[in-house]
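I have placed the structure first, in the form of structure tokens, so that the comments after it can refer back to it.
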Number of protein chains: 2
Amino acid sequence: MPDRPTSRDVARLAGVSRTTVSLVLNNVPDVHISPETRQRVLEAARQLNYYPDASARRLVSGKTSTIALVWHRGPDRTYRDAFLPGLLQGATHAARRYGYYVLFRPIESDEPDDAWVELARGRHTDGLILSGPRSDDTALLDLHREGFPLVLHGQLPGADIPSVDVDNERGAMIAVRHLLALGHRRIGMVTNAPLAYTASRQRLEGYRRALEEAGIPFDEALVRYGNFDEESGRQAMEALLALAEPPTAVFVASDMVAIGALRALREQGRRVPEDMAVVGFDDIATSRYLIPALTTVHVPAFGLGWSAAELLIRIIEGDTPNETPVRLETELVVRESCGARSGDAGKRG
Amino acid sequence: MPDRPTSRDVARLAGVSRTTVSLVLNNVPDVHISPETRQRVLEAARQLNYYPDASARRLVSGKTSTIALVWHRGPDRTYRDAFLPGLLQGATHAARRYGYYVLFRPIESDEPDDAWVELARGRHTDGLILSGPRSDDTALLDLHREGFPLVLHGQLPGADIPSVDVDNERGAMIAVRHLLALGHRRIGMVTNAPLAYTASRQRLEGYRRALEEAGIPFDEALVRYGNFDEESGRQAMEALLALAEPPTAVFVASDMVAIGALRALREQGRRVPEDMAVVGFDDIATSRYLIPALTTVHVPAFGLGWSAAELLIRIIEGDTPNETPVRLETELVVRESCGARSGDAGKRG
DNA sequence: CTGAAAGCGCTTACAG
DNA sequence: CTGAAAGCGCTTACAG
């Protein structure tokens, strides 16, 4: 790179001081500078192709104008990757509106869970979004206690850290109500993950409440536990099918797991939705292309990213919002796997 | 945030100068500092929970230790999003190895194509990866001429800017050779995009060359043009099926487009692979779950991100690599849509 | 082996 | 309305 022009060069060319250059270029309000001078500065900057040095600006302002998105990899790796484009683009979209940059920081499996704290402590960023918080992350709690701006994507029970997530319980209720409305009475469930995961517990609770609303007793025997992946869904569905009295419909709280469930059904020659109705959760990109196309609960990844970034930036800028935690609504996407489309729901049970 | 400790605080606590603190913490070689002093500094830093301020460091070093990934959105939006997680994680993986951070910068549709130049000119980053370069981007050429470190993901014919991409032509050859090996002689093609796109031209060329190798004349009538999306693939396949003498196999140079092609086949009651063999390109996440599962050419997104970041960092650090352009190999993923699995390829034609 | 001083390129009170 | 000076928090020649 040839020598970069500095504000001194611009000042010299425009015949003013560096102060004036800064005032003009930053459009500082309440300071009157003659239109001619202003024009001369602008012209000089343009002519020299001058852009203020970000590092100097950061140092003097004490702001990085950057937020970080910290991305944990875990057993739910593939599952979460499906949401990365949406989440990230939502976050960058909001960030841009407010003049912030976005640093992407995945925590890889060979790193300690709190490898990201250096970003905060070293002032690489003004705040951060932590996607997939670990409950044993004490560095996280320390930082929050010290007032470092933080927003979680997901939930950390017990900590009062601002967070953004989907309303899992309501999402599950919507899914199960849909099956109920289609006439099903014997509805099974496969969770998205072990119950150690908050989202998993919430989705199960939604299932339970929807049944309760309909006056159907909760039956433990109809619940199986998924573990993020296809194979766990396959096994869960096989177990359900092996029941003396299998359900006529199943709510699978994860599309990825539902893919496995659909496979188990296919392998056993059961037709979907005729022999078994299935509703998923997440609305990953693949779901619309499955055969039958999967009816599922849409999770607004872009909106989550957007909300997280916006909330974070408001915290950074001193606004202390109290509508936390933010819970975005889900939406049922009716496709073919539930039978609502064909008008031919399995009405047994 | 409470007052952050500075190097002065550490120096004071350890009873040394700030120089010594810097020397110790940065592990500057060839400077002998007594083990006791070193220990005292380290202890003081630990005790104060001191992390050097990144902004100050950037300013004094003239380095940001950051690379940016610029992500263009275009008509190929959905298509490209499928590769974002892999590309980004590959890039961050390589960046971390070399001590760099990654800034993610999507260019949204309401922004000028060169909205990213400010990142470079304002010294927000030491270099950048441009994914989806536009050939009319003169700012790009200017920056490259000035010596700003740049790596393209994709290709820009005519410009000698370092780039990383997949070997599209070979990938297409692999796909078509596979169909030839299965006994097909009348093989159609649907491109991934209009021929204005370099990758599209290259994949078509690979198709043509594979046929040539086999002594089969190229027949323009068997080629249709896709446009990134499902619908374009559906129409292309319908056109192919409407031919007086339709092909027995089709190479669709994009999985997304192939999804549409499969749908057209299904709608017309044709069985895949029995009535028509199909091979795709890209290996997007969805392809393995299609019915039949799509045989396709795998594009190593993670490897592309990794290579791009590594090449960029080597350029930043003064290494002028000459193995550019980098072309990664693809790999055929044989699944069900081509008939190789069932041993029952359509052998007519 | 260690310290005082200069300087990275800005912005921002503070004088004029 | 404009300019000289201080300072952000580091690192790095340069003396001692």
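Here is how names work: the chains are called A, B, and so on, in the same order as the sequence lines, proteins then strands, and each is numbered from 1. Owing to the predicted nature of the structure, the values given are computational and were not obtained by experimental measurement.
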N/O to N/O distances under 3.5 Å, protein versus nucleotides 1-3 of chain C:
residue, atom, partner, partner atom, Å
C/dC1, OP2, B/H32, ND1, 2.9
C/dC1, O5', B/H32, O, 3.3
C/dT2, OP1, B/T37, OG1, 2.9
C/dG3, OP2, B/S17, N, 2.9
C/dG3, OP2, B/S17, OG, 3.3
C/dG3, OP2, B/T20, OG1, 3.4

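Here the straight-line distance linking atom OG1 of B/T37 with atom CG of B/L23 works out to 11.5 Å at 0.5 Å rounding. In this structure, CD on A/E146 lies 11.0 Å from CG on A/L141, to the nearest 0.5 angstrom.
One atom, CZ of A/R58, and another, C1' of D/dC8, lie 14 Å apart when rounded to the nearest Å. The nearest whole Å value for the distance from the CG atom in A/N27 to the C1' atom in C/dT12 is 16 Å. Look at CZ on B/R121: it is 17 Å from P on C/dG9, rounded to the nearest Å. Atom pair A/L59:CG and D/dG9:P shows a separation of 7 Å (rounding to whole Å applied). Straight-line distance from the CG atom of A/D53 to the C1' atom of C/dG9: 6 Å, rounded to whole Å. When rounded to the nearest whole Å, the span between CZ of B/R8 and C1' of D/dG7 equals 11 Å. The CZ atom of A/R12 sits 13 Å away from the P atom of C/dC10 (whole-angstrom rounding). Atom-to-atom, CG of B/D9 to C1' of D/dC10 comes out at 13 Å; the value is rounded to the nearest Å.
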Could you pull out all donor-acceptor pairs under 3.5 Å where a side-chain atom in residues 38-49 of chain B meets a protein atom, sequence neighbours excluded?
residue, atom, partner, partner atom, Å
B/R40, NH1, B/A14, O, 2.5
B/E43, OE2, B/R46, NH2, 3.2

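Contact annotation: A/Y51 does not reach the phosphate of C/dG9 (side-chain N/O to OP1 or OP2, under 4.0 Å). Side-chain N/O atoms of B/R57 include one lying less than 4.0 angstrom from OP1 or OP2 on D/dT11.
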Which string of ( ) [ ] | and . matches DNA chain C, if you list each base 5' to 3' and count Watson-Crick or G-U pairs only when both distances are under 3.5 Å?
-> |||.||||||||.|||

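With sequence neighbours excluded, the residues that form a ring pair (Phe, Tyr, Trp, His ring centres under 6.0 Å) with B/F83 are B/Y79. Take B/H72 and apply the ring pair (Phe, Tyr, Trp, His ring centres under 6.0 Å) test, not counting sequence neighbours, and it matches no residue.
Contact annotation: the side chain of B/H144 approaches that of B/P162 to within less than 4.5 Å [non-hydrogen atoms, C-beta and beyond].
For the side chain to side chain donor-acceptor pair (under 3.5 Å) with B/R58, the qualifying choice from B/D126, B/T64, B/T66 is B/T66, the only one to do so.
B/R97 has no carboxylate O lying under 4.0 Å from a charged side-chain N of A/E108, or vice versa, which leaves the two without a salt bridge.
For residues 110-129 of chain A, the set of pairs meeting the ring pair (Phe, Tyr, Trp, His ring centres under 6.0 Å) definition, not counting sequence neighbours, comprises A/H124-B/Y101.
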